[in-house]
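Along the sequence shown, residues carry numbers from 1. Note that the coordinates shown come from a computational prediction; the quantities given were computed from them, not determined experimentally. Read the numbers this way: they start at 1 and go in the same order the structure lists the ligands and their atoms.
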Amino acid sequence: MRPAARTAGLGPSPIRVLSEGAPPDTLPLGLGEPGWPLPEVARRALAGEAGPCPYGPNGGLPDLREAVAAFLGTTTERIFVSSGSQGALFALFHAWLEPGAAVLVPDPGFVAYPMLTRLAGAEAVPYGLGPGFGLDLEAFLRALNATPHARLAVVNHPANPTGAGASAEALAAVASACEARGVLLIADEVYRELHLGPRPPGLRDVTSSGVVLGSLSKAWGAPGLRIGWAEGDPALLEPARRLHAAMVTAPARPSQQAALALLQASDTVLRSARAALAQGFRALSESLQDHFGHAPAPPSGGFYHWMPLPPWAEGDPLAFALRLRDEARVVTVPGLAFGPGGRRHLRLSYGGDPETIRTALCRLAPFWRTP
Ligand SMILES: Cc1ncc(COP(=O)(O)O)c(C=O)c1O
């Protein structure tokens, strides 16, 4: 027996490989998740589940869809609740891509975009980012114009792995170029609520077209609940909702109850998430200043630091990340894992406890001083 050819590109992600092979006392700056505890309201909602546990509607519990809509300032029929925003991504790609189509993806960008594109039998066409890794309108339009078979495009702001954002002007221009070409634009905004400064611009500030993705996994501190959403024209979401139902029937009900409690407590939950993020960023900034002699620019959002590699590591970034893991005992992710545009960087996650971040950066510093 041989598995279907489409599974061939589904190897374990380099992020998992680096984390899973790590020696026991290794510090985790690799995984993309918040390290602070699940907020109390969600723990109470999980503990309060009693009686039968039925499936529930395919696209999410009505109360939860309503709460997401209220948070976003939109209407319930524009919300489809999914098993993580990854579930929405998978469903949207499979609902809207024919084999042979193309998807514009950021380079560097979240590893799932090219992986899901290939799985749908389509071609991932990378577009470059601006000097600070933000959305670069000209680079996007160049890729769009050179790709007549593009059917879908993804923008991610604030971005994984760089923390960079997109201006409202760039988002508006990208959206109208996609509309003019009949390309479905997906704005992945899962890090949008996790900001240190002003709330970064979103697609809905400039247009009601395209689909916007959100998630409870980052700012609401609950990646294990596996609850995310897609917001957009119901006609765009409906085929994806059916596809998602074919895969999982409905998102897990206890998770949806906890998600509802989290969304209803958004003011306090998000305030403390941002306070935790600020502590992590302070630990990162002070450690970079002390050990590397420079301070990082604050990100548009999220908890990633996009760290330039020392010149001697550029030839083999994976070997360098393995050295950091096995000798410095710190798990990081080589930027190359996010596409060729990431080959000169390393992603460090500062979503964890500040003391861990300080110790990890102190351990990493010698590897930037000498080969
Ligand atoms: C940019 C981006 N989008 C989507 C996801 C998927 O998140 P989830 O499925 O937990 O909502 C992630 C996870 O790391 C991410 O970084």
Side-chain angles (χ1 to χ4, degrees), residues 12-16 18-19 28-35 38 42 60 64 68 79-93 103-117 119 124 129 133-135 152-166 185-195 200 202-203 211-231 240 244 247-248 251-252 255-256 258-259 262-263 273 277 299-306 333 335 337-339 342 347-352:
S13 86
I15 303 173
R16 295 252 164 208
L18 275 155
S19 301
L29 299 195
L31 284 181
E33 59 189 4
L38 179 66
L64 177 57
V68 176
I79 304 297
F80 147 46
V81 170
S82 53
S83 296
S85 60
Q86 180 102 3
L89 271 173
F90 185 102
L92 284 160
F93 277 42
V103 180
L104 301 189
V105 298
D107 174 23
F110 179 41
V111 292
Y113 308 143
M115 187 258 285
L116 292 175
T117 302
L119 202 53
L129 298 166
F133 293 93
L135 179 61
L152 213 147
V154 188
V155 287
N156 176 212
H157 49 96
N160 175 8
T162 63
L185 178 63
I186 297 182
D188 182 339
E189 299 184 356
V190 302
Y191 294 98
R192 188 177 179 205
E193 305 305 333
L194 214 42
H195 49 87
L203 189 67
V211 171
V212 177
L213 299 184
S215 176
L216 269 289
S217 297
K218 312 294 178 181
W220 282 267
L225 292 182
R226 310 305 307 123
I227 298 292
W229 63 78
E231 184 275 330
H244 188 265
M247 187 169 55
V248 298
S255 287
Q256 292 191 79
L262 282 168
L263 274 161
L277 179 71
S300 167
F303 36 61
Y304 300 122
H305 178 58
W306 194 230
V333 185
F338 303 94
R347 190 190 79 175
L348 306 181
S349 175
Y350 53 91

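- With Glu33 as the fixed residue, the side-chain contact (heavy atoms from CB on, under 4.5 Å) test singles out one of Pro223, Ser217, Pro28: Pro223.
- Residue Asn160 has at least one N or O atom closer than 3.5 Å to an N or O atom of ligand 1.
- Each of the atoms 8 (P), 11 (O) of ligand 1 lies under 4.0 Å from some heavy atom of Ser215.
- Minimum heavy-atom separation, Gly342 to Asp107: N-OD1, 4.3 Å.
- Gly228 does not count as a contact of ligand 1, since none of its heavy atoms falls under 4.0 Å from the ligand.
- The contact set between ligand 1 and Asn156, taken as ligand atoms under 4.0 Å from a residue heavy atom, comprises 1 (C).
- Among all heavy-atom pairs drawn from Leu92 and Leu152, the shortest one is O-CD1, 4.3 Å.
- For atom 12 (C) of ligand 1, the closest non-hydrogen atom on the protein side is Phe110 CZ, 3.3 Å.
- In this structure, the protein non-hydrogen atom closest to atom 6 (C) of ligand 1 is Ser85 OG, 3.3 Å.
- Annotation for ligand 1: atoms under 4.0 Å from non-hydrogen atoms of Tyr191 are 1 (C), 14 (O), 15 (C), 16 (O).
- In this structure, atom 3 (N) of ligand 1 lies nearest to the protein heavy atom Asp188 OD2, 2.6 Å.
- For Ser255 (side chain) and Leu225 (main-chain N/O), a donor-acceptor pair under 3.5 Å exists by modelled atom type.
- The shell of residues lying under 4.0 angstrom from ligand 1, judged by heavy atoms, includes Tyr113.
- Near Gly84, with a cut-off below 4.0 Å to any heavy atom, the atoms of ligand 1 are 9 (O), 11 (O).
- For ligand 1, the polar-atom distance check against Ser217 finds a nitrogen or oxygen pair separated by under 3.5 Å.
- Proximity annotation for atom 13 (C) of ligand 1: of Glu189, Lys218, Gln86, Arg226, Lys218 comes nearest, heavy atoms only.
- Tyr304 and Tyr191 form a side-chain donor-acceptor contact under 3.5 Å, judged by distance and modelled atom types alone.
- In summary, of the residues considered (Val154, Val212, Val211, Leu203), a side-chain contact (heavy atoms from CB on, under 4.5 Å) with Leu185 occurs for Leu203 alone.
- Asn156 contributes a side-chain N or O that, together with a main-chain N or O of Asp188, makes up a donor-acceptor pair within less than 3.5 Å.
- For the pair Ile227 and Ala252, the tightest heavy-atom approach, listed with the atom from each and the gap, is CD1-O, 4.3 Å.
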